[in-house]
Amino acid sequence: MKTFCHCNNHYGLENSSIILFMQNIQRNCGYLPEDELKRLADNTGTPLMDIYSIATFYKSFKLEPQGEHTITVCTGTACHLRGSGEVFEEMAAVLGVGSGGGTSEDGKYTLEKVNCLGACALAPLIVIDGHYHGNVTPGKAREMIEEHYK
Amino acid sequence: MNALGLLRDVKELKRLKSELKKEKREKFVSVCGDTGCSVWDSKKVDEVFRRVLEEKGLSEEIPVKSTGCLGFCECGPVVIVFPEEIFYQKVNEEDVEEIVEETVVKGKVVERLLYHDPREDKKIVKASDIPFYKKQVRNLLGDNWLIDPGSIVDYFSREGYAAAAKAFTEMSPEEVINEIKEARLRGRGGAGFPTGVKWEECFTKNVENKYIICNADEGDPGAFMDRSILEGNPHSVLEGMMIGGYATGSNHGIVYIREEYPTALEKVKNAILKARETGMLGENILNSGFDFDITVSVGAGAFVCGETSALVNSIEGKVGEPRQKPPHLAEKGLYGKPTVVNNVETLANVPRIIRWGAEEFARAGSKNSGGTKIFSLVGKIRNTGLVEVPLGLPLREIIYEIGGGIKGGGHLKAVQTGGPSGGCLPGYMLDIPTDFEELDAAGSMMGSGGMIVMDYGTCMVEFSRYFLSFLSGESCGKCFSCREGIYRMLEIVEEVAAGTATLSHLDLLEELGEMVKNTTMCGLGKTSANPVLSTLKFFKGEYLAHIMENRCPAGVCRALVTVFINQELCSGCGVCRKKCPEEAITGEKKEPHYIEKALCSKCGICIESCPEEAITRA
């Protein structure tokens with residue numbers, strides 16, 4: 001059973017806080033399962049309500065299991081100006097997820113937005129499982145999913 | 001110089017530096033390894049360089065450096081060959097052999113990979129002769145060319161940690177603070193508060209356990225200065241923190257870094273470990289009696305955590321809501337102790353001030369603020385990238401002389417500085433200097449340094465809708481007026497974009513903007529109406545066109561535009577028909593096609609696919 005105790009704080013580099021524990025749970029499980037959060041609450045003496053308050057406040061925390069592949073569309077200003085909104089819409093349509101993103105029905109893909117990845121020269125930018133793709137257009141985005149990922 | 005030992009005192013540091021000077025290699029190859037260039041496979045270019053040099057038995061003599069951002073992202077992957085400083089752009093794996101053979105071995109230039117200056121229509125060999133670099137004053141970014149961010153030795157050889165040594169052994173904390181004050185260094189994170197004053201406030205608190213925090217939560221969309229400094233020269237930030245710690249009397253520094261920057265996080269962690277190994281962090285640094293250590297905290301994706309008191313809450317493991325001030329952080333900050341929070345770029349400036357002296361540092365800059373400022377020049381600009389200029393340089397020079405003007409030869413409509421807290425300035429205001437006060441007075445703000453250039457293909461209504469939707473998602477919700485006010489403004493602007501608003505909506509919008517400005521607690525809330533208010537001020541005509549004429553002049557707002565095929569230009573190739581996901585395009589082969597309006601979702605795929613450029617949205 002993976003628990004937050006697996007948290008790897010090598011060399012005492014990272015500041016210890018409940019957020020760090022939660023980040024470690026998410027790194028291990030892909031999201032924040034309820035059981036883990038309850039255990040975290042018990043072990044740290046933090047009210048579960050506070051933990052959920054943190055989990056829902058910060059954008060990077062996920063309370064639902066994620067798809068096998070994660071597609072992140074950068075919606076920073078530079079990307080937005082060069083059409084990242086259209087790219088996102090197109091991907092949402094292809095994957096059949098709502099306009100706010102989400103996980104496809106087959107559980108294969110999770111589509112999400114990110115505020116800015118700071119690689120504005122490549123706008124619009126998408127990241128598929130950690131790999132960056134620059135200068136994406138709606139058409140290219142559709143092809144990417146259809147050809148490589150289905 | 002592989003195994004670096006612990007440096008016990010200043011003498012040992014000096015000895016190391018003189019050894020490094022003797023061993024200094026003039027010849028080396030810098031390959032940009034920053035996130036931007038690595039998308040264009042610069043990592044492969046880097047690998048091939050190492051392999052080819054190894055094969056030729058040159059790897060000892062000519063090292064390859066995987067550097068941080070070289071600035072000119074538009075030309076990535078960028079390779080610079082030293083000592084001649086030959087700048088090669090858009091280099092791919094196949095080019096490497098030729099560069100090694102011709103340039104590294106024979107000292108000749110590979111013409112085809114040089115930068116071509118479109119204005120003078122000629123090729124440029126030397127990096128610093130390229131107009132993009134020529135106008136800049138690269139005090140902070142300049143070292144990115146020369147050092148491998150993973151190597152503390154490289155940093156030592158560039159006068160690294162000399163400032164810390166000088167401060168700890170030759171100066172009192174008061175003297176350090178005075179030097180920073182005289183340099184007129186102001187916070188580069190947005191608000192522009194004088195750094196020396198901030199430090200002094202913390203210094204005067206006679207309390208044990210103070211903290212100095214480096215704010216690397218660069219949430220402003222469209223800005224990546226801090227990421228590039230952390231990825232390109234992390235030790236300069238650590239050294240700045242050490243000096244800040246010494247001046248404020250704190251022994252613990254924390255770098256708060258956003259999780260969207262995994263590479264920067266890794267580089268910072270590595271730099272901290274190296275600094276600890278060499279005794280630059282730890283107890284009794286350089287036998288000065290001063291102890292200092294640094295840890296990191298990783299953000300969890302919240303824009304508001306860039307606000308200093310929200311950031312402190314986040315480090316404590318709480319929800320990142322801003323705190324009521326006073327008490328200021330200098331009195332009661334992290335864990336209730338006096339705390340100073342400085343931005344990455346601010347801290348990176350500190351070692352230079354101590355090394356050069358305030359007077360020399362402030363030679364660049366304006367009357368009220370000394371030094372340079374890095375801007376991330378993005379949007380519809382020809383030379384996207386990071387530019388570092390003296391504070392006070394007019395916007396026009398940055399955009400036209402360094403940025404090369406508008407991409408695709410269009411005309412400039414507006415420039416936005418300050419991100420979601422800033423405003424849009426129209427083309428006729430380009431002569432105002434980039435200075436904290438001047439930009440504020442014009443209705444925008446300096447912000448952290450995002451500079452977004454827009455041409456006439458950008459709809460200002462849509463643009464302010466974008467920032468409102470960003471801010472409504474990021475408002476922490478503590479203040480009612482920010483939480484609800486921004487949302488209500490968003491609804492109104494959405495109505496304008498849909499063509500369903502009336503004139504009275506605009507008055508309400510303005511009123512709401514002023515209300516949010518005056519009644520929210522934190523800096524982010526107070527400035528959140530700026531994008532709306534500034535576009536209303538300078539581009540009201542565009543709002544009116546949406547409302548009165550049901551027309552989007554830029555051809556952007558979906559509800560008000562149609563996509564159509566120019567019958568004269570259409571060759572009937574059928575590409576658009578095949579690509580259209582809605583099957584809204586019909587037509588016979590080799591005959592002009594047309595779009596069924598009722599079916600068209602205006603996604604724009606046909607526009608990008610048309611080889612004749614016959615399809616437009618207007």
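Quick note on labels: first sequence line is chain A, next is B, and so on, each numbered from 1.
- The existence of a salt bridge linking Glu143(A) and Lys579(B) is confirmed by a sub-4.0 Å separation between a basic side-chain nitrogen and an acidic carboxylate oxygen.
- Proximity of a side-chain donor or acceptor of Arg483(B) to a complementary backbone N or O of Lys478(B) within less than 3.5 Å is not detected.
- In terms of heavy-atom pairs under 4.5 angstrom with chain A, the leader among Ala302(B), Gly320(B), Gly379(B), Ser297(B) is Gly320(B).
- Taking Ser421(B) as the reference, Met445(B), Leu524(B), Thr527(B) meet the side-chain contact (heavy atoms from CB on, under 4.5 Å) condition, with sequence neighbours excluded.
- Interface check for chain B: of the options Gly83(A), Ala93(A), Ser60(A), the most heavy-atom pairs under 4.5 Å are formed by Ser60(A).
- Side chain of Glu74(B) to backbone of Gly385(B): no donor-acceptor contact under 3.5 angstrom is found.
- Of the two parts of Cys606(B), neither the backbone nor the side chain holds a non-hydrogen atom closer than 4.5 Å to a non-hydrogen atom of chain A.
- Ring geometry, His80(A) versus Tyr466(B): the interplanar angle falls under 30°, so the pair is classed parallel (tilted spans 30 to 60°).
- Interface remark: of the candidates Pro262(B), Gly76(B), Pro221(B), Pro221(B) forms the most heavy-atom pairs closer than 4.5 Å to chain A.
- Listed by chain and number, the residues in a side chain to side chain donor-acceptor pair (under 3.5 Å) with Lys90(B) amount to none (sequence neighbours excluded).
- For the options Ala141(A), Pro138(A), Gly85(A), Ala119(A), heavy-atom pairs under 4.5 Å to chain B are most numerous at Pro138(A).
- Heavy atoms closer than 4.5 Å to chain A are found in the backbone of Glu316(B), but not in its side chain.
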Practice item. Begin with the C-alpha distance, continue with both residues' side-chain angles, and end with the deciding distance and a verdict on salt bridge (charged side-chain N to carboxylate O under 4.0 Å, His left out) for Glu36(A) and Arg39(A). Key: CA-CA 5 Å; Glu36(A) 290 287 338; Arg39(A) 193 170 307 139; 3.5 Å; yes

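- Heavy atoms closer than 4.5 Å to chain A are found nowhere in Ser376(B), neither backbone nor side chain.
- Counting heavy-atom pairs under 4.5 Å between each of Glu462(B), Gln416(B), Glu218(B), Lys380(B) and chain A puts Glu462(B) at the top.
- Arg276(B) contributes no side-chain N or O that, together with a main-chain N or O of Leu281(B), makes up a donor-acceptor pair within less than 3.5 Å.
- Of the atoms belonging to Lys602(B), not a single heavy atom falls under 4.5 Å from chain A.
- A distance of 11.0 Å separates NZ in Lys269(B) from OG1 in Thr295(B), rounded to the nearest 0.5 Å.
- At a threshold of 4.0 Å, the pair Lys267(B)-Glu231(B) does not count as salt-bridged, since none of the basic side-chain nitrogens sits closer than that to a carboxylate oxygen.
- Counting heavy-atom pairs closer than 4.5 Å to chain A, the top-ranked of the candidates Pro581(B), Ser609(B), Ser601(B) is Pro581(B).
- For chain A, the nearby parts of Ser314(B) are the backbone and the side chain; heavy atoms of each come within less than 4.5 Å.
- With a 4.5 Å cut-off on non-hydrogen atoms, Val453(B) touches chain A through its backbone but not through its side chain.
- Interface remark: of the candidates Phe303(B), Trp40(B), Tyr261(B), Trp40(B) forms the most heavy-atom pairs closer than 4.5 Å to chain A.
- Thr72(A) pairs by the side chain to side chain donor-acceptor pair (under 3.5 Å) definition with Glu112(A), not counting sequence neighbours.
- Counting heavy-atom pairs closer than 4.5 Å to chain A, the top-ranked of the candidates Ile254(B), Asp220(B), Thr458(B), Ile272(B) is Ile254(B).
- Interface remark: Ile315(B) contributes backbone and side-chain atoms alike to the contact with chain A (heavy atom separation under 4.5 Å).
- Interface remark: Glu259(B) contributes side-chain atoms only to the contact with chain A (heavy atom separation under 4.5 Å).
- The greatest number of non-hydrogen atom pairs below 4.5 Å with chain B, out of Gln26(A), His131(A), Arg82(A), is found for Arg82(A).
- Within residues 46-53 of chain A, the residues having any heavy atom less than 4.5 Å from a heavy atom of chain B are, in residue-number order, Ser53(A).
- The greatest number of non-hydrogen atom pairs below 4.5 Å with chain B, out of Ile18(A), Ile54(A), Leu122(A), Val114(A), is found for Leu122(A).
- Ring-centre distance between Phe61(A) and Tyr31(A): not below the 6.0 Å cut-off.
- Side-chain N/O atoms of Thr103(A) and Thr110(A) include a donor and acceptor closer than 3.5 Å.
- Ring geometry for Phe463(B) against Phe467(B) counts as perpendicular: the plane angle is over 60°, on a 0 to 90° scale with 30° as the lower cut.
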Exercise for review: Begin from the C-alpha positions of Arg227(B) and Glu260(B) and carry the test salt bridge (charged side-chain N to carboxylate O under 4.0 Å, His left out) through to its verdict.
Suggested key: CA-CA 10 Å; Arg227(B) 176 177 69 70; Glu260(B) 288 90 338; over 6 Å; no

